[in-house]
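Here's the structure, in C-alpha coordinates; my notes come after.
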Amino acid sequence: MAQVYLLLGGNLGDRLHYLKSTSLLLQSVAGEIIKKSSYYETAPWGFSDSRLFLNQVVLFNSVLNAYEFFELTKDVENRLGRTRNGNGYHARTIDIDILFYDDIVLQTNDLVIPHPRIPERRFVLEPLCEINPEFIHPVLMKSMEQLLKECNDPLQVIRLEKANTYLSPNAKSPASPKPGTI
(Lines give C-alpha, C1' and ligand atoms only; values in the text may rest on other atoms or scores of the structure.)
Protein backbone atom coordinates (compact mmCIF):
# COMPACT_ATOMS: atom_id res chain seq x y z
CA MET A 1 0.00 0.00 0.00
CA ALA A 2 1.13 3.50 -0.79
CA GLN A 3 0.85 6.45 1.55
CA VAL A 4 -0.59 9.41 -0.32
CA TYR A 5 -0.75 12.95 1.10
CA LEU A 6 -3.43 15.14 -0.44
CA LEU A 7 -4.37 18.77 0.00
CA LEU A 8 -8.09 19.44 -0.28
CA GLY A 9 -9.38 22.98 -0.57
CA GLY A 10 -12.04 25.25 -1.97
CA ASN A 11 -13.58 28.67 -1.58
CA LEU A 12 -16.98 28.43 -3.29
CA GLY A 13 -20.27 27.31 -1.81
CA ASP A 14 -20.46 25.20 1.34
CA ARG A 15 -16.73 24.63 1.74
CA LEU A 16 -17.04 22.14 4.58
CA HIS A 17 -19.55 20.07 2.61
CA TYR A 18 -17.16 19.93 -0.36
CA LEU A 19 -14.21 18.85 1.81
CA LYS A 20 -16.23 16.12 3.52
CA SER A 21 -17.74 14.93 0.23
CA THR A 22 -14.31 14.80 -1.36
CA SER A 23 -12.94 12.63 1.45
CA LEU A 24 -15.91 10.25 1.21
CA LEU A 25 -15.73 9.94 -2.59
CA LEU A 26 -11.98 9.38 -2.57
CA GLN A 27 -12.18 6.86 0.24
CA SER A 28 -14.87 4.86 -1.60
CA VAL A 29 -12.34 4.07 -4.35
CA ALA A 30 -8.81 4.99 -3.26
CA GLY A 31 -8.43 3.32 0.10
CA GLU A 32 -8.41 4.15 3.77
CA ILE A 33 -7.91 7.61 5.27
CA ILE A 34 -5.41 7.17 8.09
CA LYS A 35 -4.92 10.80 9.15
CA LYS A 36 -6.62 14.14 8.63
CA SER A 37 -5.41 17.56 9.66
CA SER A 38 -7.63 20.17 11.22
CA TYR A 39 -9.40 22.52 8.84
CA TYR A 40 -7.47 25.65 7.93
CA GLU A 41 -8.94 28.88 6.68
CA THR A 42 -6.66 30.74 4.31
CA ALA A 43 -6.53 33.64 1.93
CA PRO A 44 -6.35 32.78 -1.78
CA TRP A 45 -2.79 32.12 -2.96
CA GLY A 46 -1.69 33.42 -6.36
CA PHE A 47 -4.86 35.38 -7.17
CA SER A 48 -7.21 37.92 -5.62
CA ASP A 49 -10.63 36.89 -4.36
CA SER A 50 -12.65 38.00 -1.36
CA ARG A 51 -13.68 34.44 -0.46
CA LEU A 52 -11.45 32.51 1.93
CA PHE A 53 -10.38 28.92 1.29
CA LEU A 54 -11.03 26.03 3.63
CA ASN A 55 -8.16 23.51 3.38
CA GLN A 56 -7.25 20.16 4.88
CA VAL A 57 -4.43 17.64 4.40
CA VAL A 58 -5.54 14.01 4.25
CA LEU A 59 -3.28 10.94 4.36
CA PHE A 60 -4.44 7.79 2.55
CA ASN A 61 -3.30 4.20 2.46
CA SER A 62 -4.06 3.28 -1.13
CA VAL A 63 -3.69 0.40 -3.54
CA LEU A 64 -4.00 2.77 -6.51
CA ASN A 65 -0.86 3.73 -8.37
CA ALA A 66 0.00 7.43 -8.73
CA TYR A 67 -1.66 7.79 -12.15
CA GLU A 68 -4.83 6.03 -11.05
CA PHE A 69 -4.99 8.24 -7.97
CA PHE A 70 -4.48 11.36 -10.11
CA GLU A 71 -7.29 10.34 -12.49
CA LEU A 72 -9.55 9.71 -9.51
CA THR A 73 -8.86 13.20 -8.10
CA LYS A 74 -9.82 14.81 -11.43
CA ASP A 75 -13.02 12.73 -11.57
CA VAL A 76 -13.99 13.73 -8.01
CA GLU A 77 -13.29 17.42 -8.75
CA ASN A 78 -15.54 17.22 -11.82
CA ARG A 79 -18.30 15.41 -9.92
CA LEU A 80 -18.25 18.16 -7.28
CA GLY A 81 -18.60 20.98 -9.78
CA ARG A 82 -14.99 22.05 -10.31
CA THR A 83 -14.65 24.14 -13.45
CA ARG A 84 -11.37 25.12 -15.05
CA ASN A 85 -11.20 28.57 -16.59
CA GLY A 86 -8.01 28.49 -18.61
CA ASN A 87 -4.61 29.01 -17.04
CA GLY A 88 -3.89 30.39 -13.61
CA TYR A 89 -5.64 30.23 -10.27
CA HIS A 90 -9.30 31.03 -9.66
CA ALA A 91 -12.13 30.41 -7.20
CA ARG A 92 -13.34 26.79 -7.07
CA THR A 93 -15.62 24.39 -5.24
CA ILE A 94 -12.82 21.87 -4.70
CA ASP A 95 -9.19 21.42 -5.59
CA ILE A 96 -7.32 18.20 -4.88
CA ASP A 97 -3.53 18.23 -5.03
CA ILE A 98 -1.38 15.12 -4.65
CA LEU A 99 1.42 16.38 -2.42
CA PHE A 100 3.35 13.14 -1.94
CA TYR A 101 2.91 9.56 -3.09
CA ASP A 102 5.18 7.56 -0.79
CA ASP A 103 8.64 8.94 -1.54
CA ILE A 104 8.44 8.72 -5.33
CA VAL A 105 9.65 11.49 -7.58
CA LEU A 106 7.66 11.75 -10.79
CA GLN A 107 7.59 14.42 -13.47
CA THR A 108 5.32 14.13 -16.50
CA ASN A 109 3.33 16.68 -18.51
CA ASP A 110 0.23 15.96 -16.39
CA LEU A 111 1.57 14.93 -13.01
CA VAL A 112 4.44 16.13 -10.84
CA ILE A 113 5.10 14.44 -7.48
CA PRO A 114 6.03 15.82 -5.02
CA HIS A 115 3.89 18.84 -5.74
CA PRO A 116 6.36 21.53 -6.84
CA ARG A 117 4.88 24.41 -4.80
CA ILE A 118 4.90 22.78 -1.36
CA PRO A 119 7.84 24.86 0.01
CA GLU A 120 6.15 28.13 -1.09
CA ARG A 121 2.78 27.58 0.52
CA ARG A 122 2.15 28.04 4.22
CA PHE A 123 -1.42 26.74 3.77
CA VAL A 124 0.07 23.39 2.71
CA LEU A 125 2.94 23.20 5.18
CA GLU A 126 0.98 24.00 8.34
CA PRO A 127 -1.50 21.10 8.00
CA LEU A 128 1.30 18.80 6.80
CA CYS A 129 3.25 19.65 9.95
CA GLU A 130 0.19 18.97 12.06
CA ILE A 131 -0.04 15.37 10.89
CA ASN A 132 3.62 14.55 10.13
CA PRO A 133 6.24 17.27 10.85
CA GLU A 134 9.11 14.81 10.41
CA PHE A 135 8.12 13.66 6.91
CA ILE A 136 11.10 14.21 4.61
CA HIS A 137 10.59 15.82 1.21
CA PRO A 138 12.17 13.26 -1.17
CA VAL A 139 13.75 15.91 -3.42
CA LEU A 140 14.70 18.68 -0.98
CA MET A 141 15.66 16.22 1.79
CA LYS A 142 14.14 18.51 4.43
CA SER A 143 11.39 17.80 6.93
CA MET A 144 8.02 19.50 6.68
CA GLU A 145 8.86 21.30 9.91
CA GLN A 146 12.07 22.67 8.41
CA LEU A 147 10.30 23.73 5.20
CA LEU A 148 7.66 25.57 7.26
CA LYS A 149 10.37 27.46 9.17
CA GLU A 150 11.94 28.48 5.85
CA CYS A 151 8.65 29.40 4.14
CA ASN A 152 8.32 33.07 3.16
CA ASP A 153 4.60 32.96 2.36
CA PRO A 154 3.08 36.01 4.14
CA LEU A 155 -0.56 34.92 3.81
CA GLN A 156 -2.48 34.22 6.98
CA VAL A 157 -3.35 30.59 7.78
CA ILE A 158 -5.86 30.05 10.59
CA ARG A 159 -6.18 26.61 12.15
CA LEU A 160 -9.76 25.87 13.13
CA GLU A 161 -10.03 23.71 16.21
CA LYS A 162 -13.41 22.22 15.40
CA ALA A 163 -14.86 21.13 12.08
CA ASN A 164 -17.97 23.24 12.66
CA THR A 165 -15.98 26.38 13.45
CA TYR A 166 -15.42 28.12 10.18
CA LEU A 167 -16.41 31.37 8.54
CA SER A 168 -19.34 31.59 6.18
CA PRO A 169 -18.73 30.89 2.48
CA ASN A 170 -18.91 34.64 1.82
CA ALA A 171 -16.27 35.60 4.39
CA LYS A 172 -13.84 38.27 3.26
CA SER A 173 -10.11 37.68 3.01
CA PRO A 174 -7.88 39.51 5.47
CA ALA A 175 -5.82 42.26 3.88
CA SER A 176 -2.41 40.82 3.09
CA PRO A 177 0.08 40.86 0.25
CA LYS A 178 -0.46 38.41 -2.60
CA PRO A 179 2.38 36.36 -4.05
CA GLY A 180 2.91 36.49 -7.79
CA THR A 181 1.07 34.14 -10.09
CA ILE A 182 2.67 31.24 -11.91
Side-chain angles (χ1 to χ4, degrees), residues 1-13 15-37 39-40 42 44-47 53-132 135-144 147-148 151 153 179 181-182:
M1 285 221 177
Q3 289 202 338
V4 185
Y5 289 85
L6 301 178
L7 176 72
L8 313 178
N11 70 332
L12 293 179
R15 301 167 306 159
L16 184 60
H17 165 76
Y18 284 115
L19 290 184
K20 287 181 176 183
S21 295
T22 298
S23 289
L24 289 172
L25 287 169
L26 290 170
Q27 192 168 1
S28 71
V29 176
E32 178 187 10
I33 295 174
I34 55 174
K35 280 189 183 177
K36 287 184 180 183
S37 74
Y39 295 111
Y40 288 77
T42 65
W45 189 97
F47 73 105
F53 274 77
L54 194 63
N55 294 298
Q56 183 179 44
V57 168
V58 179
L59 175 59
F60 275 87
N61 269 342
S62 182
V63 295
L64 299 180
N65 69 42
Y67 294 105
E68 291 169 333
F69 212 113
F70 176 68
E71 289 302 319
L72 176 62
T73 64
K74 297 305 151 211
D75 179 58
V76 169
E77 286 177 344
N78 290 336
R79 288 178 63 186
L80 293 176
R82 167 82 187 261
T83 57
R84 297 184 188 280
N85 302 329
N87 294 329
Y89 299 114
H90 52 86
R92 50 205 171 265
T93 54
I94 193 66
D95 184 40
I96 308 167
D97 289 334
I98 297 175
L99 302 174
F100 299 104
Y101 183 97
D102 280 337
D103 61 353
I104 71 164
V105 177
L106 178 67
Q107 191 161 11
T108 70
N109 289 337
D110 296 327
L111 181 58
V112 177
I113 299 174
H115 192 288
R117 300 234 185 269
I118 292 169
E120 303 168 19
R121 296 174 169 176
R122 184 170 304 284
F123 71 91
V124 174
L125 290 166
E126 288 197 22
L128 270 170
C129 282
E130 178 187 340
I131 64 173
N132 194 351
F135 184 81
I136 302 296
H137 191 292
V139 174
L140 302 175
M141 302 311 293
K142 294 179 180 182
S143 71
M144 295 302 103
L147 289 174
L148 179 58
C151 183
D153 181 0
T181 57
I182 295 178

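Worth knowing before you read on, the calculation uses all heavy atoms, side chains too, and leaves out hydrogens, waters and symmetry mates. All residue numbers refer to positions in the sequence shown, counting from 1. These numbers come from a predicted model, not from an experiment.
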Would the distance check show the side chain of E68 and the main-chain N or O of N65 forming a donor-acceptor pair, the cut-off being under 3.5 Å? yes
Polar side-chain atom of N61 near backbone of Q3 as donor-acceptor pair, under 3.5 Å: no
Once you round to the nearest 0.5 Å, how far does CG of L7 lie from CD1 of I98? 11.5 Å
How many angstroms lie between atom OG1 of T22 and atom CD1 of I94, to the nearest 0.5 angstrom? 3.5 Å
Backbone of S37 reached by a side-chain donor or acceptor of Q56 within 3.5 Å: yes
Excluding sequence neighbours, so at least two apart, what forms side chain to side chain contact (heavy atoms under 4.5 Å, CB included) with D75? R79
Nearest 0.5 angstrom please: I113 CD1 to F70 CZ, how far? 9.0 Å
Taking NZ, NE, NH1 and NH2 as the nitrogens, is one of them in E71 or K74 under 4.0 Å from a carboxylate oxygen of the other? no
Closest non-hydrogen atoms of I96 and E77, given as atom of the first, atom of the second and distance, are N-OE2, 2.7 Å
With sequence neighbours excluded, what pairs up with K142 under the salt bridge (Lys or Arg N to Asp or Glu O under 4.0 Å) test? E150
Centroid-centroid distance, F100 to F135, less than 6.0 Å: yes
Table please: side-chain donor-acceptor pairs of residues 23-34 below 3.5 Å, with sequence neighbours left out.
| residue | atom | partner | partner atom | Å |
| --- | --- | --- | --- | --- |
| S23 | OG | L19 | O | 3.4 |
| S28 | OG | L25 | O | 2.7 |

